[in-house]
Amino acid sequence: MSEVSTQVGGPVEVLEQAFRNAIAAALGDEHREVDPGIRPSQNPKFGDYQANFAMGLAKQLETDPRKLAVKVAQAAREDLADIAEPPEVAGPGFINIRLKDEALVRMLTAMDNDSLGVVPDTDQHAVVIDLCSVNVAKQMHVGHLRSTIIGDALGRIFERLGRTVHRENHLGDWGLPIAMVLHHLREAGTDLDSLALDELDAAYRAAQHDAEDDPSVMEAAKRTLVKLQQGDDELVGDWKRLIECTLKALDEALVVLNVKLGRENNRGESTYRDKLPGVVEAFRKANLAKEDGGAIVVAFEGRKRPLLIQKSDGGYLYATTDLAAIRFRTYELNADRVIYVVDARQRDHFRDVFDAARLIGWDETPDGITAQLDHIPFGSVLGPDKTPLKTRSGENVTLKSLLDEACQRGTDEVRRRAADPKAPTHGLTDDELAQIGRAVGIGAIKYADLSTDLVRDYVFDMDRMITFEGNTGPYLQYAHARICSIFAKAGVEPADVAEATISLAESAERRLALALLKYGGVVVDVARSLEPHRLCTYLYELADTYSTFYEQCPVLKAQTEALRRSRLRLCGLVRRVLASGLDLLGIDAPLRM
RNA sequence: GCGCCCGUAGCUCAGUCGGAUAGAGCACCGGUUUCCUAAACCGGUGGUCGGAGGUUCGAGUCCUCCCGGGCGCGCCA
């Protein structure tokens with residue numbers, strides 16, 4: 001048994017290790033760090049995997065790529081003997097690798113536990129995810145929905161990798177706009193304890209409007225802000241009641257959305273209010289800030305506009321707050337990765353804030369690691385007319401109305417199918433159907449949000465996202481539920497086939513095995529790239545591969561009992577990877593639908 | 001005016017740090033099938049990858065310019 005084949009990990013890890021060894025053996029130890037470029041082959045005639053390093057490396061060494069590839073392939077043969085056929089060199093220097101069935105079976109068996117092949121990250125630092133970030137004086141809208149869904153999914157992915165995740169809801173609960181609406185409500189004598197969210201929203205807009213029209217209103221709002229900042233008891237009490245109004249509505253939305261986010265995650269802008277003078281002071285001391293037209297700014301080389309961190313009237317800005325937050329997150333929370341899930345319009349802002357933090361060294365953890373600061377600039381949600389989603393009356397679509405519609409549409413779908421006497425959901429109670437319907441509707445929205453490149457705008461089309469065909473949430477939920485149904489029909493518990501010997505004689509079985517073995521690598525890749533749509537694409541391909549398998553390979557009517565058990569075990573693995581992957585996306589996988 | 005992002009099939013989108021003949025789903029056309037199955041299946045039509053140069057053994061992917069669309073541009077957040 002060679003050194004390589006006893007190691008844990010999927011095919012990519014095993015092949016990478018083997019080729020690193022082979023490159024070092026064939027070309028010298030100084031080339032041990034060369035990336036072997038292991039990729040799944042696009043075309044089955046090129047094997048299961050290929051190693052693509054030879055062309056680039058040959059150029060660097062000014063040698064012939066084919067000869068180099070042959071040399072390394074020869075050196076790899078011994079290490080690969082247990083897991084692959086002898087590698088073949090093709091084209092300009094591709095090395096094609098076909099894995100042995102026994103090796104696939106060994107690796108499948110190794111992943112058949114709670115890990116499903118996901119290898120934990122050894123990094124002990126925390127990950128901070130800045131998400132949701134609702135403004136406490138306004139109605140929540142679809143932008144917050146995206147931020148929350150994406151942030152929660154990323155949080156789940158890092159948690160699966162064993163990382164400590166801090167979901168930070170950086171509430172917009174401070175600053176002049178809050179003071180303006182507070183002033184407005186107090187002037188109007190509104191009862192803040194019975195205030196409803198849409199009243200608050202109306203008041204917010206009225207306050208903005210009044211202040212624009214009348215400078216004296218603006219002055220009064222500014223005085224209110226000063227008093228609030230000074231900790232005036234009565235005002236602070238009203239401020240808290242105002243926040244409570246929004247938080248109650250937020251709580252409800254978060255429950256329906258099924259995200260791991262609650263009041264314990266709230267750390268609004270106001271949290272950092274006492275730190276702001278210190279931020280400006282620190283930048284001045286470090287000689288990184290200067291006065292400019294009465295304001296204090298941080299300038300960047302080669303950039304026209306500086307970052308403003310203090311106004312000429314002495315007030316602070318959201319950049320100041322964000323800098324304080326970064327410092328808290330790296331120093332206090334010990335995060336070496338801070339991820340901001342905030343829409344793309346704030347790109348320039350975060351670029352400047354991150355650069356400022358780097359200039360002063362606040363991107364460092366207490367043990368001296370440089371933290372990675374990432375902004376995920378997601379695109380807008382558009383209506384059918386390709387402009388930002390609005391209602392027919394031109395209002396912004398509220399988060400609540402969107403979630404209500406999703407639940408309704410999901411429930412309609414589930415009810416329609418349950419009407420069929422052959423359907424496993426036939427005869428379920430209304431409550432049960434509604435519960436499944438909610439999972440389908442919310443799953444549809446979340447999947448639509450997560451399944452395309454995040455930076456692109458996307459058109460909100462409930463008809464398309466709710467269908468059971470194509471790359472949709474309901475399709476994956478359905479694929480999962482059907483596998484559950486097979487076990488129910490067989491009268492077999494997954495545990496009954498946990499020890500079954502896996503057979504991969506059929507090509508469809510083999511393709512399914514290769515697809516299953518990719519799961520662990522995909523999860524790691526998504527954590528690295530912060531692109532959840534890669535997980536979606538993977539799950540869809542897995543479901544598609546499974547569909548072909550199920551079409552071509554009889555499971556319950558397999559020719560032998562051993563084959564039946566083998567295929568049931570494969571079904572069980574697919575079911576668990578689908579459920580696991582959907583869970584990482586924050587999507588429920590009902591047993592029936 | 002300056003800056004950033006996006007542009008792939010009729011539509012919605014993938015495309016791995018530059019790798020072999022650019023892929024799915026929907027729609028459309030043709031065929032097969034009534035099954036272990038709660039999704040039918042197989043095949044086909046459809047592309048100057050916005051355009052033009054460049055780098056490279058190799059470019060949808062990297063560089064430059066242009067076109068089109070979106071967004072942003074110090075004392076709001």
Side-chain angles (χ1 to χ4, degrees), chain A residues 35 37-43 45-46 50 52 55-56 58-59 65 90-94 96 133 135 138 172 174-178 180 208 269 292-297 303-319 321-322 343-349 351-352 377 379-380 382 386-388 417-418 420 422-426 448 451-453 455-459 461 464-465 467-472 474-475 478-479 481-482 485-486 489-490 521-522 525 529 531 533-534 536-537 540-541 543-544 547-548 550-558 564 567 592-593:
Chain A
D35 178 4
I38 306 294
R39 304 275 184 273
S41 296
Q42 301 289 332
N43 190 325
K45 78 179 181 192
F46 298 135
Q50 51 186 248
N52 293 345
M55 288 80 79
K59 159 153 288 189
F94 298 105
N96 296 333
S133 306
N135 184 320
K138 272 160 68 174
W174 202 244
L176 189 57
I178 305 297
M180 281 162 70
Q208 297 278 336
E269 292 170 338
D292 185 349
I296 307 299
V297 303
R303 206 170 294 168
K304 278 186 181 169
R305 296 214 187 281
L307 179 68
L308 203 66
I309 57 173
Q310 187 171 22
K311 298 190 280 185
S312 50
D313 68 359
Y316 302 101
L317 299 108
Y318 79 137
T321 307
D322 278 332
D343 73 84
R345 289 173 304 186
Q346 300 207 33
R347 246 191 176 110
D348 293 349
H349 167 70
R351 183 198 57 194
D352 290 349
S380 307
L382 307 178
K386 303 279 180 83
T387 66
R417 283 154 203 276
D420 180 352
K422 276 167 46 192
T425 46
H426 190 70
S451 60
T452 64
D453 191 358
V455 307
R456 295 169 63 130
D457 294 348
Y458 86 94
V459 176
D461 180 354
R464 191 165 46 78
M465 54 181 82
T467 60
F468 284 37
E469 271 152 34
N471 190 8
T472 69
Y475 171 80
Y478 199 22
R482 284 200 58 182
S485 185
I486 291 164
K489 183 162 286 186
V522 169
D525 187 45
S529 64
E531 293 180 352
H533 78 273
R534 294 173 187 242
C536 297
T537 302
Y540 179 64
E541 281 170 4
D544 193 49
S547 172
T548 305
Y550 196 56
E551 194 69 34
Q552 292 178 4
C553 302
V555 176
L556 299 181
K557 292 189 177 173
R564 183 176 191 257
R567 288 177 178 170
R592 293 178 288 190
M593 58 188 279

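Because the structure is a prediction, the values reported are computed rather than measured. Letters A, B, ... mirror the listed sequences (proteins, then strands); counts begin at 1.
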Could you tell me whether A:G93 contacts a base, only the sugar-phosphate backbone, or nothing, with contacts defined as non-hydrogen atoms closer than 4.0 Å? nothing

Note: for A:S41 and A:R417 on RNA chain B, the residue whose nearest nucleotide lies more 5' is A:S41

Phosphate oxygens OP1/OP2 of B:rU55: is one of them under 4.0 Å from a side-chain N or O of A:K59?
-> no

Here the distance between atom P of B:rG72 and atom CG of A:D343, to the nearest Å, is 9 Å

Side-chain contact check for A:L308: nearest option of B:rG74, B:rG72, B:rA77 is B:rG74

_What contact category does A:I178 fall into here, base, sugar-phosphate, or nothing, at under 4.0 angstrom with non-hydrogen atoms?_
nothing

Taking B:rA20, B:rC13, B:rC36 as options, the one with an atom nearest any side-chain atom of A:Q42 is B:rA20

| Just by modelled atom types, is the A:P377 backbone N or O under 3.5 Å from a matching donor or acceptor in the A:R347 side chain? | no

Taken in chain and number order and not counting sequence neighbours, the residues that satisfy side-chain hydrogen bond (donor to acceptor under 3.5 Å, both in side chains) with A:N135 are none

Judged by whether its glycosidic angle lies within 90° of 0, B:rG74 is syn

Worksheet item: Under 3.5 Å, is there an N or O donor on one side and an acceptor on the other linking the side chain of A:R39 and the base of B:rU16?
Response: no

- Task: Could you tell me whether A:R39 sits above the aromatic face of A:F94, with NZ or CZ closer than 6.0 angstrom to the six-membered ring centre and within 45 degrees of the axis?
- Result: no

Residues at least two apart in sequence or cross-chain that pass salt bridge (charged side-chain N to carboxylate O under 4.0 Å, His left out) with A:R456, listed by chain then number, are none

Q) Does A:D35 make a side-chain donor-acceptor contact with the base of B:rC17, cut-off 3.5 Å? A) yes

Checklist entry - What interatomic distance, in whole Å, is found between P of B:rG18 and the corresponding atom of B:rG60? => result 13 Å

Of B:rA39, B:rA14, B:rG72, the nucleotide closest to the side chain of A:R482 is B:rA39

Rounded to whole Å, the NZ-P distance (A:K422 to B:rA39) equals 7 Å

One should report the stems of RNA chain B, each a stretch of at least three consecutive Watson-Crick or G-U pairs at distances under 3.5 Å, as B:1-7 with B:67-73, B:10-13 with B:23-26, B:28-32 with B:40-44, B:50-54 with B:62-66

Atom CG of A:N471 and atom P of B:rA24 are separated, to the nearest Å, by 14 Å

Q. Would you say the side-chain atoms of A:T472 pair up with the backbone N or O of A:T467, donor to acceptor, closer than 3.5 Å?
A. yes

- Taking the side chain as every heavy atom from C-beta outward, state whether A:R564 and A:K557 have any pair of such atoms under 4.5 Å apart. no

Those residues at least two apart in sequence (or on a different chain) that pass side-chain hydrogen bond (donor to acceptor under 3.5 Å, both in side chains) with A:N96 are none

(request) Under 4.0 Å between any heavy atoms, over every strand shown, what does A:P177 touch: base, sugar-phosphate, or nothing? Just pick one. (result) sugar-phosphate

Taken to the nearest whole Å, CZ/A:R347 to C1'/B:rC6 is 9 Å

Sorted by chain and residue number, the side-chain hydrogen bond (donor to acceptor under 3.5 Å, both in side chains) partners of A:T425 (sequence neighbours excluded) come out as none

Lys/Arg N to Asp/Glu carboxylate O, A:D352 vs A:R303, below 4.0 Å:
yes

Across all chains, not counting sequence neighbours, the salt bridge (charged side-chain N to carboxylate O under 4.0 Å, His left out) partners of A:D525 are A:R528, A:R534

Side-chain contact check for A:E469: nearest option of B:rC2, B:rC26, B:rG70 is B:rC26

Rounded to whole angstrom, note down the P distance from B:rC63 over to B:rG74.
-> 28 Å

To the nearest angstrom, the CG-C1' distance between A:L382 and B:rC5 comes to 14 Å

Open item on the list: Give me the distance, rounded to whole Å, that separates B:rG51 from B:rG68 when you measure between the C1' atoms they each carry.
Closed with: 11 Å

Within the pair A:K45 and B:rU21, is there a side-chain N or O less than 4.0 Å away from OP1 or OP2? no

Here the distance between atom C1' of B:rU37 and atom CG of A:D420, to the nearest Å, is 13 Å

Rounded to whole Å, CG of A:D544 lies from C1' of B:rG25 at a distance of 10 Å

For A:A58, report the nucleic acid contact type (base, sugar-phosphate, nothing); a contact means any heavy atom under 4.0 Å.
nothing

Among B:rC36, B:rG74, B:rC75, the one nearest any side-chain atom of A:R305 is B:rG74

Interatomic distance, OG@A:S451 vs OH@A:Y540, rounded to 0.5 Å, equals 11.0 Å

With a 4.0 Å cut-off on heavy atoms, is A:A558 in touch with a base, just the backbone sugar-phosphate, or nothing at all?
-> nothing

Of the candidates B:rG25, B:rA77, B:rG74, the side chain of A:Y540 sits closest to B:rG25

Checklist entry - Does the B:rA20 base have a donor-acceptor partner in the side chain of A:N96 within less than 3.5 Å? => result yes

From the candidates B:rC17, B:rC75, B:rG15, the one with an atom nearest any side-chain atom of A:A295 is B:rC75

A:Y475 OH to B:rG25 P, in whole Å, measures 9 Å

Considering only the C1' atoms, how many Å lie between B:rA40 and B:rU34, rounded to the nearest integer? 9 Å

message = Could you tell me how far B:rG23 sits from B:rC4 if I compare only their C1' atoms? Round to whole Å.
response = 30 Å

Between B:rU12 and B:rU8, how far is it from one P atom to the other, in whole Å?
9 Å

Checking B:rA39, B:rG72, B:rA77 against the side chain of A:D348 (C-beta onward), the nearest is B:rG72

TODO: Please determine if a side-chain N or O atom of A:R456 lies less than 4.0 Å away from the OP1 or OP2 oxygen of B:rG7.
DONE: yes

_If you compare every side-chain N and O of A:H349 against the phosphate oxygens of B:rC73 (OP1, OP2), does one of them come in below 4.0 Å?_
no

Using the P atom as the reference point in each nucleotide, state the distance between B:rU61 and B:rA22 in Å, no decimals. 14 Å

Regarding the side chain of A:H533, the nearest nucleotide among B:rC36, B:rC57, B:rG15 is B:rG15

Reckon A:K557 has a side-chain N or O less than 4.0 Å from the OP1 or OP2 of B:rC36?
yes

Subject >> Pairwise C1' distance for B:rC17 and B:rU56, with rounding to whole Å >> reply: 16 Å

- prompt: With a non-hydrogen cut-off below 4.0 angstrom, is A:T452 in contact with a base, only sugar-phosphate, or nothing?
  reply: sugar-phosphate

Among B:rG74, B:rA77, B:rA14, the one nearest any side-chain atom of A:E269 is B:rA77

Nearest-nucleotide check on RNA chain B, A:N43 vs A:P388; residue mapping nearer the 5' end is A:N43

